[in-house]
Each structure stands twice: as C-alpha cells, then as structure tokens.
There are 2 protein chains.
Amino acid sequence: MTTDEPRTDPTRRAGVRQVAERAGVALSSVSRVLSGHPDVSELMRHRVLDAVAALGYEPDHLAQSLRRGASMTVGYVVGDISNPLTAQIALGAETALRRAGYSLLLVNSTSDPDLDAQHIRLLRQRRTDGLLLAMADERHAATIAELERYPGPCVLVDRVCAKLPRASGVHSDHRAGLSAAVEHLYRLGHRHIALVNGDPRVLPARERAAVLRRFARGVPDLEVTVRPGGFTAAHGRDATAALLAGGAGRPTAVIAGGNQILPGVLAAVRAAGLTVPTDLSLVTCDQVALVEFLRPPLATVTRDLGDLGEVAAALLLERLSGRARRRVTLPTGFRADHSCAPPPKRPT
Amino acid sequence: MTTDEPRTDPTRRAGVRQVAERAGVALSSVSRVLSGHPDVSELMRHRVLDAVAALGYEPDHLAQSLRRGASMTVGYVVGDISNPLTAQIALGAETALRRAGYSLLLVNSTSDPDLDAQHIRLLRQRRTDGLLLAMADERHAATIAELERYPGPCVLVDRVCAKLPRASGVHSDHRAGLSAAVEHLYRLGHRHIALVNGDPRVLPARERAAVLRRFARGVPDLEVTVRPGGFTAAHGRDATAALLAGGAGRPTAVIAGGNQILPGVLAAVRAAGLTVPTDLSLVTCDQVALVEFLRPPLATVTRDLGDLGEVAAALLLERLSGRARRRVTLPTGFRADHSCAPPPKRPT
DNA sequence: CCATTTACCGGAAACGATTCCAGTAGCGGG
DNA sequence: CCCGCTACTGGAATCGTTTCCGGTAAATGG
C-alpha cells in the first residue's frame, strides 16, 4: 500500500525532491548519490536508487545546466547545412561531440554575415559552452565583435581570422590539392587556365585564387583567369559562359571552385556545345556524390570532410577541458581523371 | 576588509539582480519592464532600460527556460545528416523554426534504431519542447516506447507509425511519382522492372515496393523484382550486380530506390559493361545534385525536400501553440529523361 | 470627506538541481 | 575520559529568472 502523499502531483514528473521524500532522506543526499559523490553509505545508495527506479526519476538537464554553469551544448553556425559538404562536416562533428556528452545546436545563416553575428549572440544567450563556426565573411566586423564577446572557446572550420587570436581552427590545405591540379593541367599543355571561384571572403576561395596567381607569377607562359563570385550554380554558369565566349583568348581548362559552382559550370559547358575533354579540360574541387559517374569522370581536388568535422570537435573539446588552442591543417589530394586532356590545337 | 556588501563581481556578467541594483528598483520591476508587462510607469521603464544598456545585460536563456517551463528548443533526430536529402529537410525545418524563435538540437543516429531511442530520451531530459523525427525503424519497440513517454508534441518526417496516434506527420506521396515512372517504363515496352530498394522498415521503401507489387498484380504481363536492403551504395551495387547477372531473365529496367543507392547501381551497371538506355533503362528516386548531368541524364522521381522540412516545422509549431495534430502528404513528380528507352530486343 | 478603484511597485516563492557548511555519531588513541 | 578523526547526513544558500500577492499612493466618485 502506498502512503498517500499530500500534494504529490502524479501528472508532473518527479524531481530530486520527490525522490528524497520517498526515500526518506535529504535532497542533498539524493544529489550526492546521483553524482557519485564519495560521501554516501551503501544503505543510502540503495534507498535512493530504489526510489529513483520506483519513480522513474530523470534529472532535468536544464536545471543542472543552470546550477553547474555548463550546458553541455555547443553551437554550430553554418552557412548552408543543405550543402553536402557542410552536412558531412556536421556529421563528423556531431558524432565526436555526442560521444563526449555534448549536444549540437545547429543554426543556419544562409551565408549572410549579419545573420552569423546574430546567431553567435543567440548562442551566447543560450549559454552554449563552445562554438563551431564557418562564417560567411571572415572579416565581417559585427561577427568578429560578437565572437570577441563570446565567453567560451570557439573553433573556426575551414576559416581563418587574424583578428581572433583566441580561436582554434582547422582547415584544409587547399593549396596542395589545387597546385597538383594546375601542375597536371600545365603538363598536359594548357597555357590558359581559368578558376571559377567562390567568394574570396572565405579561406578556401582565397587559397585557390592564390594558387593560380602564384603559378602565373612563377610560370611566364601560363595565363590564368580567376572569376570570383558567390558559391552558387548561377555564378558558375554565368562566369563560365563569359569565359567560353572569349573567342580565341578563352581558357582551355576550367576549374570549378566548389561543389555548388560545379553544376553551373557543367550547364554552361553543355550550353556552349563543347565536349570535355576534347574542347575543354575540367577540374572540380571537393568530391561529391556522382562526380565519378559523370562522363567523362571529373578530375577532382579531394579531401576528407568527416575528418574536418571530427578534428573541429576535437579541438573544441580540448579547449573545453582547459587545454590550449591549436590550429590544424588537413591534407588535400588530387585525383586526375578523363576530364583532363591536352588542349585542342589552336588555329594559327 | 570584509565588506558585507553584496559582492558585485565585475568579471561575471550582469543579471537582473545587478540591473535592479543599478537602477535602484526591485528585481520584479526589471523583469516586468523586460517582458513587456503592462504595470510599468514610463519613468520605471527608462530607469531600467538605461541600466540594462549601461551593464550590457542579456537575459540568461537557461534560467528563463527553467522558470517558464519552455526551452524554445526542438530536437531533430535523424538517421544521417550527411545525406543531402536529410540536410535539405533540415534546412527547411531550421529556417521555419528559427523564424518562430526556436532553436534546433540535432542528433544523428547513424540509422541505428537503438540510438534513435536513446536520443529521444536525451532530448526529453534536455527538455526540448518538441521533436522532429525520422526514425530508422518505424516499428522499433524501444523507440515507440520512448516516444510515448515523451511529453511534448512530435512530428514524423517521411515516416508513419500506427502505434503513435498522437504524432503529427508529413510525408511525400511516394506512390504517385513512382507509379508515373513505372507506367512510363511499361509504355516503352518494358516487361521486367526491378527496384533496388531501401530498408522496408521505413515508409518510402515500403511505398515504393507497394507500387511495384500493385502493378504486378494489375498488369499480368509485367514481371517485377524488388530487392530490399539498406539505403547504401554497397547494397545498390551488390543487388544490381545480382540482377544483371540473371541472364535472359534479367530486368530491362532498374529503379534505384534512393539517392544513396544510386551510386552503387551506376557502379554495377558500369562494371557489367552495359550502356544506358540501350541495354538497360534507369530511373532514380530523389533529385540530387548532378543527376541531370549524368550521361544520359537520369529520369527521376522528384519532390521538394525543403517543403518537407518546412511543413514538418509548421506542424510542430501548430501543436506547440495548442492546435490539433495533422497529417500532411506532399506531392511527388516524375521527370522522364534519356535514361529510359524501349528495351533491347530479346534474342528468341 | 470617505470609499473605492486604478496604477504601480517590492518582497518572496517558485523552477529543479548542486554544493558548501555544520553537525552527529562512532571509534581509536593518548 | 576526552580529544580528534573519519564517515556520513541534513539544512540552506545559490544559479538567474518569472510571477503571484499584497501594499501604497494617487485619482475618482458620490
């Protein structure tokens, strides 16, 4: 027979209070048992645990967070989660963080720097313990300001920002892979290579542009064209169309500077009625589903995005456990394929 | 030097307490001003707002959640966020939810039903106000049990579960699009159509299989084969290889039952040395990047995944604002393309 | 001029946990 | 016999808010 408890609302879930009452001990003892404090007798442990089981007690994570001053939550600010690249990074990060007991609060900025800043502020108010960040503009003043006010550690993923010396960071070695690609094209005989690039406000685009420019300086007979713009199919299409309309001066090889840009490039190439690689060589950045089934299969600058996410999570966890900030660079590679061939003979 | 003044630690961020102190008013008044309570004089409003501005006060979302009993957070349990389909849904949902003031807690189950259940429990402890759920197995007992214990509203996305009458749901009308595809193939002359299907523990796979079986029953001279398995490229490859090895009895058209399966199907077709559509017609489910640039471009069962996410969010918001649960079905379409052609003549 | 409303404000009790601080009891040692 | 030590336990403060409740003063009405 259960003792009739005076005002124990059974619809409401049990708290430490109810557990204590039922076990006939103090609240503090319940808490001690549950948190594994050494000062508990075997008898106490059993009484409490029994009551916990009987009531189906579950701790309230919110109250714990408030009291302990740690929410066991990290924010992930991302430009566009629907981008498979971003999503792969997110997977790696979420898995690693969850393993360490953290949950991931995801916010999407639609690549709008102002939204980035707003989101950082939101995540501060939500008391996230740390931040993973792939901002849309590494130099955006409001974003940097909010980041400086953010009290917890922060990891930039595939981004760098000199004004944030406090932040850890992980990024791919974009130069290595793309350099290999350009070299490959040069060896095949290409003397005019174009890069349909993304937005230079972020690291990957700047690094890729830098590679082309460095080659242009170092190799006198190589002409390069860089077309910066947004990481969008529309930009890919328009920029490529413009390049291909260049008549005799047009490039013989085009590099798509990102998976979002690639479909646009392909569309423009198709619209121009050119065949790859006979009329034009093609390279893309970042392995994405189906790239290897295009005809011809596309040469690709590759990297492991799951790694990127995992390392980002690891760096954040390091800082959360008091260790120092770090910067990590991950390798990239280049997979040559049938989309690259010697350039067509120029009509002299 | 012991001052019994209330210790005002300047390193610590200001709370309502500090604001009240500085403005020379009571805590309750600060709260009233900030929450727009009618009982505030103009003078009070200004004094408080000035103090807020001076101290840079920001409310603590955690404490608010605890006190108000609403965390303004919803959980999203997902099999694999790195799947672009899932990611697109997530984008739609996050955008709609954020507009309504909610944040999204993302958890990944790697399509493991047990993890699904664990995650639901975690999200309950974290006091999320509601749940978006695309479970790995609609009939998994532990998952259903946890879901029944979950106190808030819940929306199944692209899933159904008869045992959960409380849940809202949104799913695509998978039958419509796939029926159109099968009809198209039949009209072209195909009499043996195979579906390399996903895991029948979830709605989309079951619906797709149902379409094939219904046709088989209704159209006597049509043979169908369904190969269920995981939503993986490996299954796509193996199942397709087995089908194509079937000699004279092999299907003349293959449908890839999901974007994850497609690369495997393509690999097997390529390995078998067959050309599409001369030797084999191909259809895939779900528009995904680059599908239209395959050679030949793939006929596709289409749907709008952003919509799916947005509607899921809308259904959840409805329930959160006290309205009744609802089930919504979204349309699918079929885009015929060059990957479908009449079957090769059979050697008689 | 008194009664009643109106408009506003402050105090204190929640929300559900953790943790510090005393206090009690048992026990061995000097 | 008393002291100090160990092993444990209960009470109360605290985290940062919201909200109920009672109270005061001015304004209104008759």
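Computed from heavy atoms alone, side chains included, the values below leave out hydrogens, waters and symmetry copies.
Counting any heavy atom pair closer than 4.0 Å across all strands shown, B:Val25 reaches sugar-phosphate atoms only and no base atom. B:Ser31 comes within 4.0 angstrom of a base, heavy atoms only. Using a 4.0 Å heavy-atom distance criterion, A:Asp60 is classed as a sugar-phosphate-only contact. Residue contacts for A:Gln125: at a heavy-atom cut-off of 4.0 Å it reaches no nucleic acid atom on any strand shown. At a threshold of 4.0 angstrom between heavy atoms, the contacts of A:Leu62 with the nucleic acid are absent.
Residue B:Leu43 contributes atom CG, which lies 11 Å from atom P of C:dC8 at whole-angstrom precision. Atom pair B:Arg17:CZ and D:dA13:C1' shows a separation of 11 Å (rounding to whole Å applied). In this structure, CG of A:Leu27 is placed 16 Å from P of C:dC20, rounded to the nearest angstrom. Remark: P of C:dT18 and NE2 of A:His37 are 12 Å apart, rounded to the nearest angstrom. When rounded to the nearest whole Å, the span between CZ of B:Arg67 and P of D:dT18 equals 9 Å. B:Arg32 has its CZ atom 16 Å from the P atom of D:dT17, to the nearest Å. Here the P atom of nucleotide D:dG16 and the CG atom of B:Leu34 are 16 Å apart, to the nearest Å. Regarding A:Asp39, its CG atom lies at a distance of 16 Å from the P atom of C:dT18, rounded to whole Å.
A donor atom on one side chain and an acceptor atom on the other are not found under 3.5 Å apart for B:Asp112 and B:Thr110. Side-chain atoms of B:Asn108 and B:His119 include no donor-acceptor pair closer than 3.5 Å. Side-chain contact check for A:Thr128 and A:Arg126: no donor-acceptor pair (N or O, by modelled atom type) lies under 3.5 Å.
Among the nucleotides D:dG16, D:dT19, D:dG10, the one closest to any side-chain atom of A:Leu66 is D:dG16. With distances taken from any side-chain atom of A:Ser28 to the nucleotides C:dT19, D:dG16, C:dC9, the minimum falls on C:dT19.
Other residues, nucleotides and ligands place more than 12 heavy atoms under 6.0 Å from the CZ atom of A:Arg327.
Across the interface with DNA chain D, nearest-nucleotide mapping of A:Ser41 and B:Glu58 shows A:Ser41 to be the residue nearer the 5′ end. Mapping A:Ser35 and B:Arg68 onto DNA chain C via the closest heavy atom, the residue that lands nearer the 5' end is B:Arg68.
For D:dG10, the OP1/OP2 oxygens have a side-chain nitrogen or oxygen of A:Ser29 closer than 4.0 Å. The side chain of B:Gln64 contributes no N or O atom lying less than 4.0 Å from OP1 or OP2 of D:dG16.
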Inset, instruction - Mind running salt bridge (charged side-chain N to carboxylate O under 4.0 Å, His left out) on A:Arg201 and A:Glu138 for me, showing each step along the way? - result: CA-CA 6 Å; A:Arg201 287 180 300 181; A:Glu138 292 165 347; over 6 Å; no
